[in-house]
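To keep things clear, I will list the structure first and then write my remarks on it.
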2 protein chains.
Amino acid sequence: MKPLVLPPLARPDGMTTHDYAFNRLRQAIMVGAFRPGTSVTIRGLAEALESSPTPVREALRQLTSIGALQFLENRRIVVPHITPARFEELILLRIALESHAARRAVAHLSERQIEKITAIDDSIETEIRKGNKVAALIANQAFHRMIYSANPDPVAMPLIESVWLQLGPILGIAMEHVTELYVVDRHREAIDALRRRDEEAVADAIAADIREGIGGFDQQAVARLLRLAA
Amino acid sequence: MKPLVLPPLARPDGMTTHDYAFNRLRQAIMVGAFRPGTSVTIRGLAEALESSPTPVREALRQLTSIGALQFLENRRIVVPHITPARFEELILLRIALESHAARRAVAHLSERQIEKITAIDDSIETEIRKGNKVAALIANQAFHRMIYSANPDPVAMPLIESVWLQLGPILGIAMEHVTELYVVDRHREAIDALRRRDEEAVADAIAADIREGIGGFDQQAVARLLRLAA
DNA sequence: TATCACAAAATGTGATCACAAAAAGAGATT
DNA sequence: AATCTCTTTTTGTGATCACATTTTGTGATA
């Protein structure tokens, strides 16, 4: 129960122990390193991160605030379970949030930024072709984040990432069971719409992208896996 | 700098010190007890709450995760400032989130719940007539929360409350400068739509309610106050 | 009066410890 | 073999302390 393979993550100079723990755990959950129902302990993580309980507890508390973890009544700390209904709500919430965020970002995107976004989209395909699932997932998130963050007041971004974190554990299961990766996204469509500054078309492309494939994965497959995770 | 009038809040039995601190601070920010730019200290709050730094720090860290507070680079803890642009984004985000949440709740609302919601709406008018601003604000939040929480998987609710928290400090300023309270909401309209199970009409009523008056207050007045807060 | 330098106080950070509750394990009983 | 009871271990909680950084306060200098 205590192998605890935590994806590595560089620790920039001057970063506090707490911030490091938070970012590392957050990233781990975001890319599906923990399965639903997994329980973690403060002391265990403190040891794994070579620190002490105090900063780790703060990081865990923060992660519960954004729905990534859950403090149960019996004081146990677990990765939340996901029911099919909850999964459906999260996807619909992604669509509502991200199509809104995309629409509000269009006017602020420079040509240069759109080029950068196109480059990220290319890197997604590259990673998929190389079979590197986690890298493809991270690149896909970067694609979406880059668009929404063009808004000078990206108030929706933290909320979007909260939803991503809640979907993270599902992605972990999906990546375990999906051997074949295939590109099924609406990214080119979204980029074209960005170039035309067509807010509605961008929002529609993003909505379709989310609906048809969660982070590059086939939704039907994920739905099937949900039964395994329950 | 340390009068720190924290609204009282009962502490249920068995609640941890951390949870108590979190809920108390959260409630204080939500109803506008802190002004934008206000800085708080861990030790100061620990003393005010008659506890120690550890649980307070955890509570503050959680509050930053949901945008209610901000840890600056110089390690100072402040209530975030709000620019007019940021305010606009937050309002639009409220509209996007809450009209979505309302739409997703309609199918799950029982007649009994709708009656309860109607009663809450009545209490809002009562409080306004009595001139009790904070109580009216809390009742208004309860009205919205009651609707959205009808969804058995209310995944949007925490995100909505996050936005409320970010708007809280503005409400505090508004309440200081607005002497006359008047009822300008679309609540009856929303309730009627709920009774007809008309999802789109409910969503529209909620959107209009938010757009035309933030929590029962006149938006123009708030916009004017924003300049004072900057 | 304004500005700079230095000392003192305040503050966030993180490790440690004692305590209580929960979980896990061991052994006996049915 | 299953269940119950009691002991041991694990674990979250919260207070305290030492440390480093920041802020504040004081006084000298221009």
Side-chain angles (χ1 to χ4, degrees), chain A residues 1-4 6 9-26 29 34 37-81, chain B residues 1-4 6 9-26 29 34 37-81:
Chain A
M1 178 218 181
K2 208 64 60 48
L4 194 52
L6 224 51
L9 202 106
R11 175 168 181 175
D13 235 40
M15 179 180 245
T16 64
T17 303
H18 154 265
D19 261 358
Y20 176 63
F22 176 73
N23 284 308
R24 185 121 175 236
L25 290 171
R26 174 192 150 89
I29 296 171
F34 295 97
T38 304
S39 71
V40 298
T41 65
I42 295 173
R43 285 177 171 89
L45 290 174
E47 191 177 352
L49 294 168
E50 295 176 316
S51 67
S52 68
T54 309
V56 170
R57 203 159 77 213
E58 289 170 25
L60 295 180
R61 281 260 147 75
Q62 273 188 276
L63 289 165
T64 64
S65 271
I66 51 185
L69 290 177
Q70 205 173 357
F71 274 63
L72 301 181
E73 287 302 323
N74 39 342
R75 297 183 165 177
R76 248 206 173 149
I77 308 161
V78 298
V79 179
H81 273 107
Chain B
M1 179 217 182
K2 205 68 59 46
L4 194 52
L6 224 51
L9 202 105
R11 175 169 180 175
D13 235 40
M15 180 180 245
T16 63
T17 303
H18 155 266
D19 261 358
Y20 176 63
F22 175 73
N23 284 308
R24 183 118 175 238
L25 290 171
R26 174 192 149 89
I29 296 171
F34 295 97
T38 303
S39 71
V40 298
T41 64
I42 295 173
R43 285 177 171 88
L45 289 174
E47 192 177 351
L49 295 169
E50 295 176 317
S51 67
S52 68
T54 309
V56 170
R57 203 159 78 212
E58 289 170 25
L60 294 180
R61 281 259 146 75
Q62 272 189 277
L63 288 166
T64 64
S65 271
I66 50 185
L69 290 177
Q70 205 173 358
F71 274 63
L72 301 181
E73 287 302 324
N74 38 343
R75 296 182 165 178
R76 236 189 184 165
I77 308 161
V78 298
V79 178
H81 273 107

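Numbers restart at 1 for each chain; the letters A, B, ... are given by sequence-line order, proteins then strands.
The line from CD of A:Gln62 to CG of A:Leu69 is 11.5 Å long, rounded to the nearest 0.5 Å.
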- Item | CA sep, side-chain torsions, deciding dist, call: A:Asn23, A:Arg11, side chain to side chain contact (heavy atoms under 4.5 Å, CB included) | CA-CA 9 Å; A:Asn23 284 308; A:Arg11 175 168 181 175; over 6 Å; no
- Query: Where along nucleotides 13-23 of chain D does protein come under 4.0 Å, by heavy atom, of base (B) or sugar-phosphate alone (S), with - for untouched nucleotides?
  - Reply: BBBB-B----S
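Shortest non-hydrogen contact noted between B:Glu58 and A:Glu58 is CG-CG, 3.8 Å.
When side chains are defined from C-beta on, A:Ile29 does not count as touching A:Val79, because their heavy atoms never get closer than 4.5 Å.
Residues passing the side chain to side chain contact (heavy atoms under 4.5 Å, CB included) test with A:Gln70, sequence neighbours excluded: A:Leu72, A:Val78, A:Pro80.
Whole-Å rounding puts the B:Leu45 CG to C:dA10 P distance at 17 Å.
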